[in-house]
Amino acid sequence: MVTPSVRWPPRYAPGTAAVHVRNELEMDAPVDAVWAWLIRAQLWPAWYGNSSDVTFLQGSPPDLNPGTRFRWRTFGVTLESTVLEFVPTERIAWDARAFGVDAYHAWVISTTPRGCHVLTEETQHGWLARLGHLVLPRRMHTHHQRWLEQLRDHAARGLPPRA
């Protein structure tokens, strides 16, 4: 099976960024449940400990949709994000901007015989992004792996509740 890849905007392509992290995980969970948990951003803080304070600035909560703008906190930084790619049950990506950080975080979901394969990649520009990566080089990879594992565990139990 060929795993689909991220469709990088040129500015965020891995070769142009100071920081690039890639994680992936096979999940014994239905694609629709994985997708539902992933786009239900207002519930992230309940199951992904590295996120908090998810607030919709544009769009209708609780789910992310094309063009949704939201503010949230992760890695100790409050970011503003806009959903830039959205293909239901297949792809979602958003930017993330704050003082010293300009990032792009993408997710690609592929159906497998047992459930699905989820790939997540992020690239970052900016002095704060470079500093964080220099001081704690595995931190983002570790937290993204936890995000994937928690996504798998929740999706395996079914669809999320309405927020």
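Computed from a predicted structure; not experimentally measured.
- In the hydrophobic clustering of ILVMFWY residues, with side-chain heavy atoms under 4.5 Å counting as a link, Met27 and Tyr48 come out together.
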*After noting the C-alpha distance and the side-chain angles of Thr78 and Arg71, does the key distance pass the side chain to side chain contact (heavy atoms under 4.5 Å, CB included) rule?*
CA-CA 7 Å; Thr78 299; Arg71 182 179 300 122; 3.6 Å; yes

*Show your reasoning for whether side chain to side chain contact (heavy atoms under 4.5 Å, CB included) applies to Val34 and Cys116.*
CA-CA 8 Å; Val34 169; Cys116 60; 3.6 Å; yes

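- Heavy atoms only, all atoms of each residue included: Val31 and Gly115 are closest at CG2-O, 3.9 Å.
- A salt bridge between Arg152 and Asp28 is absent, with no side-chain N of the basic residue lying under 4.0 Å from a carboxylate O of the acidic one.
- Here Trp37 contributes atom CH2 and Leu159 contributes atom CG; the two are 9.0 Å apart, rounded to the nearest 0.5 Å.
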*Is there a side chain to side chain donor-acceptor pair (under 3.5 Å) between Tyr12 and Asp95 once you walk through the steps?*
CA-CA 9 Å; Tyr12 295 106; Asp95 63 3; 4.9 Å; no

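- Annotation: the span from Asn23 atom CG to Arg146 atom CZ amounts to 11.5 Å, rounded to 0.5 Å.
- Side chains of Thr68 and Gln58 form no contact here, defined as non-hydrogen atoms less than 4.5 Å apart.
- Using a 4.0 Å cut-off between charged nitrogen and carboxylate oxygen, Glu121 and Arg22 count as a salt-bridge pair.
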_With side chain to side chain contact (heavy atoms under 4.5 Å, CB included) as the criterion, how do Val118 and Leu148 come out once you've worked through the C-alpha distance, each side chain's angles and the decisive distance to 0.1 Å?_
CA-CA 8 Å; Val118 181; Leu148 282 169; 3.6 Å; yes

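- Side-chain heavy atoms closer than 4.5 Å link hydrophobic residues (I, L, V, M, F, W, Y) into clusters, and following such links, even through other members, never connects Leu134 to Phe99.
- In this structure, Tyr104 and Gln124 have side chains that are not in contact, with every pair of non-hydrogen atoms separated by 4.5 Å or more.
- Residues Phe86 and Leu64 come closest through the heavy atom pair CE1-O, 3.2 Å.
- His133 contributes atom NE2, which lies 13.5 Å from atom CG of Leu128 (distance to the nearest 0.5 angstrom).
- Residue Arg40 comes nearest to Pro161 through the heavy atom pair NH1-O, 2.8 Å, listed as atom of the first residue, atom of the second, then distance.
- Residue Met140 holds its CE atom at 9.0 Å from NE2 of His20, rounded to the nearest 0.5 Å.
- By the 30° and 60° cut-offs, the orientation of the rings of His105 relative to His144 is parallel.
- Considering all non-hydrogen atoms of both residues, Ser51 and Pro45 come closest at OG-N, 3.3 Å.
- The hydrophobic clustering, which links ILVMFWY residues whose side-chain heavy atoms are closer than 4.5 Å, places Leu151 and Val108 apart.
- Considering all non-hydrogen atoms of both residues, Leu119 and Pro4 come closest at CD2-O, 3.7 Å.
- Of the options Leu57, Thr82, Val83, a side chain to side chain contact (heavy atoms under 4.5 Å, CB included) to Phe70 is made by Val83 and by none of the others.
- Ring pair Trp147/Trp72 is tilted by interplanar angle, where 30° to 60° counts as tilted.
- Remark: side-chain polar atoms of Thr120 are paired, donor with acceptor, to backbone N or O of Ala106 under 3.5 angstrom.
- Transitive grouping of hydrophobic side chains (ILVMFWY, heavy atoms separated by less than 4.5 Å) keeps Trp8 and Trp107 in distinct clusters.
- Pairing each heavy atom of Gly59 with each of Pro61, the nearest pair is O-CD, 3.5 Å.
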*Determine, stepwise, if the pair Phe75 / His143 fulfils side chain to side chain contact (heavy atoms under 4.5 Å, CB included).*
CA-CA 9 Å; Phe75 294 103; His143 282 285; 3.5 Å; yes

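- At a threshold of 4.0 Å, the pair Asp63-Arg162 counts as salt-bridged, since one of the basic side-chain nitrogens sits closer than that to a carboxylate oxygen.
- Between Glu85 and Arg7 there is a salt bridge, since at least one side-chain N of the basic residue sits less than 4.0 Å from a carboxylate O of the acidic one.
- Here OG1 of Thr89 is found 11.5 Å from CG of Leu38. Values are rounded to the nearest 0.5 Å.
- Distance check, rounded to the nearest 0.5 Å: CZ of Arg73 to OG1 of Thr55 gives 12.0 Å.
- In this structure, His125 contributes its side chain and Arg11 its backbone to a donor-acceptor pair below 3.5 Å.
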*asked:* For Asn50 and Thr74: C-alpha separation, side-chain torsions, deciding distance, then whether side chain to side chain donor-acceptor pair (under 3.5 Å) applies.
replied: CA-CA 5 Å; Asn50 192 35; Thr74 188; 3.0 Å; yes

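- Neither Val87 nor Ile92 shares a network with the other; the hydrophobic side chains, linked directly or stepwise wherever heavy atoms of I, L, V, M, F, W or Y lie under 4.5 Å apart, form separate groups for each.
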